[in-house]
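Some notes on the structure that comes next.
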Amino acid sequence: MTDTPILHVDMDAFYASVALRERPDLVDEPVVVGGSGRGVVLAANYVARHYGIRSALPMTRVRRLCPHVVVLAPDYATFTSVSASVMETFREVTPVVEAMSLDEAFLDVRGSTRRLGPPRQIAEQLRSTIHDEQGITCSVGVAASVSVAKLASRRAKPDGVVVVPPAEVTSFLHPLDVGELYGVGEKTQALLHRFGLLTVGDVAHTPLRTLQRAVGAHLGRELHHLAWGTDRSELVPRAGDHEPERSMGADETFARDTDDREFVVRELLRLSAKVGGRMRAAGVAGRTITLKVRFADFTTITRSRTMPEATDVTVEIHRTVTRLYDALGLQRARLRLVGVRVEGLVPRDTVHHQLVLGEPERGWPEADRAVDRATRRFGSAAVRPGSLM
DNA sequence: TCTGGGGTCCTAGGACCC
DNA sequence: TCTGGGGTCCTAGGACCC
């Protein structure tokens, strides 16, 4: 038995590390994986971080911080396959693996210590296996609860292990800035700082009611638990990919801001087709359709409509978001992004579409299926809705 | 030429029903 | 009966995470 059964394993600079396997000549150079133009950094290696480069930083600022930075394009197919191999390695240690994303998972090793030794030893063994098999490094946090393990893996980075025994939880947590806590982002951090709560210890010693008045009932209770390390220790085993999604969406930032309605409507068709295709591939349909619009000044609004019946039909999604868009009555407003999302997803076979005599919808689901078949055979570039040609 | 794209969850107000 | 409370759905916005 062990009093620190939770491991949080986090790949170091995952996308960058994977990309550098193909380019060993660049390992000592500042390297980021990211988009072009208006994109942001997806991952930066530790050399690049030396220049102040971080994930989510706009590429324009990256080039200013470090003009000779090497930018590599993301290769998601490779990231996904490396991730699958790593997750397989985790499952050789324990069946209780909760994947959080491609590069991060929690492991419950309660049932593995007799076979594999204490958690620290398991962590080191995992790190060396992953390094040998995948050529990338990772860091591991070990603790009694999920959030302490996650904070410990952050402390362990890069390429290390940190174990936080129960007796050391408060001395580990309380000096940290409140912004380190899961669920505390830029806004909440600033809010807490304004209340004079700078460290996790400050939060821990604030009466629950006071905390809840400041940040809301739910987050207040949550933060109190996180500050004392009394969050959950039971994992939800899941693969990370094939779990039922509650919503599916797609959005795109334009290369240039636009006020051209025809262009926007065409983009909405492309996004609707993308979302509809993914829904049909997953066998789900949804009732609530949401349009997202981001203006040139970055203000963002959404408009949604809930339909009487769930749909997965591209044309219905597109017609709905186009109506929502037109109802905004925009004239000269310059847009930088539009998005389409379908929520309230249910398995497609639970939807009983009422056939209305003479309804013009008939034929569209069949058209979608034909598009889906052609896409599977020839790839998405081969099949486009008519007006995208 | 500041600020991606995929998501989740929470809050709050109003409608509507009992 | 002029005053109500609870529950659910819908909409919009916002914060957060990877």
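Note: hydrogens, waters and symmetry copies are ignored here, and every other heavy atom, side chains too, is used. The sequence lines fix the lettering, A, B, ..., with proteins before strands; numbering per chain opens at 1.
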Selection from [options] that lies nearest to any side-chain heavy atom of [X]:
X        : options               : result
A/Arg246 : C/dC10, B/dC9, B/dT1  : B/dC9
A/Thr288 : B/dG4, B/dG6, C/dT11  : C/dT11
A/Tyr182 : B/dT8, B/dG5, C/dC18  : C/dC18
A/Thr306 : C/dC10, B/dT3, C/dA12 : C/dC10
A/Ala56  : B/dG4, B/dT3, C/dC16  : B/dG4
A/Leu337 : C/dC16, B/dG5, B/dT3  : B/dG5

[X] side-chain N/O to [N] phosphate OP1/OP2 under 4.0 Å:
X        : N      : value
A/Ser247 : B/dT8  : yes
A/Arg287 : C/dC9  : no
A/Lys274 : B/dG6  : yes
A/Ser304 : C/dA12 : yes
A/Ser55  : C/dC18 : no
A/Thr290 : C/dT11 : no
A/Thr302 : C/dG13 : yes
A/Arg63  : B/dC2  : no
A/Arg303 : C/dG13 : yes

Calculate the interatomic distance between [X] atom [atom1] and [N] atom [atom2]; express it in whole Å.
X        : N      : atom1 : atom2 : value
A/Leu324 : C/dA12 : CG    : P     : 8 Å
A/Leu223 : B/dC10 : CG    : C1'   : 13 Å
A/Glu180 : C/dC17 : CD    : C1'   : 15 Å
A/Lys292 : B/dG4  : NZ    : P     : 10 Å
A/Asp257 : B/dT1  : CG    : C1'   : 11 Å
A/Met100 : C/dC16 : CE    : P     : 17 Å
A/Asp251 : B/dG5  : CG    : P     : 6 Å
A/Arg154 : C/dC17 : CZ    : P     : 8 Å

Going through the distances and angles, do A/Trp364 and A/His318 end up as a ring-ring contact (aromatic ring centres under 6.0 Å, His included)?
CA-CA 12 Å; A/Trp364 288 120; A/His318 180 240; over 10 Å; no
Determine the Euclidean distance between corresponding P atoms of C/dC18 and B/dC2; express it in Å to zero decimal places.
28 Å
Between A/Arg256 and A/Phe254, is NZ or CZ placed under 6.0 angstrom from the six-membered ring centre and within 45° of the ring axis?
no
Side chains of A/Phe90 and A/Phe106: does their closest heavy-atom pair fall under 4.5 Å?
no
On DNA chain B, does the nearest nucleotide to A/Arg341 precede the nearest nucleotide to A/Ala296 from the 5' side, or the other way round? Give the residue.
A/Ala296
Both A/Leu219 and A/Val40 contact DNA chain B. Which one's nearest nucleotide lies toward the 5' end?
A/Val40
Give a yes or no on whether A/Arg115 atom CZ has more than 12 heavy-atom contacts from other residues, nucleotides or ligands under 6.0 Å away.
yes
Donor-acceptor pair, A/Ser17 side chain versus A/Asp12 backbone, under 3.5 Å?
yes
Base, sugar-phosphate, or nothing: which does [X] touch, judged by heavy atoms less than 4.0 Å apart?
X        : result
A/Gly35  : nothing
A/Gly249 : sugar-phosphate
A/Val41  : nothing
A/Leu57  : nothing
A/Met59  : nothing
A/Leu191 : nothing

Between A/Phe298 and B/dT3, do the rings stack, that is, sit under 5.5 Å apart with planes less than 30° off each other?
yes
Looking only at the side chains, is there a donor atom on one of A/Ser139 and A/Asp159 sitting less than 3.5 Å from an acceptor on the other?
no
Would you say the side chains of A/Asp259 and A/Gln331 form a donor-acceptor pair under 3.5 Å?
no
Could you name each residue pair satisfying side-chain hydrogen bond (donor to acceptor under 3.5 Å, both in side chains) that touches residues 51-64 of chain A, not counting sequence neighbours?
A/Tyr51-A/His68
Dot-bracket summary - DNA chain B, pairs being Watson-Crick or G-U whose distances fall under 3.5 Å, with | when paired to another strand:
....||||||||||||||
Given the 90°-from-0 boundary between syn and anti, B/dC2 should be labelled syn
Nearest non-hydrogen partners of A/Leu173 and A/Ala227, listed with the distance
CD1-O, 3.7 Å
Output yes when A/Asp312 and A/Arg280 qualify as a salt bridge under the 4.0 Å nitrogen-oxygen rule, no when they do not.
no
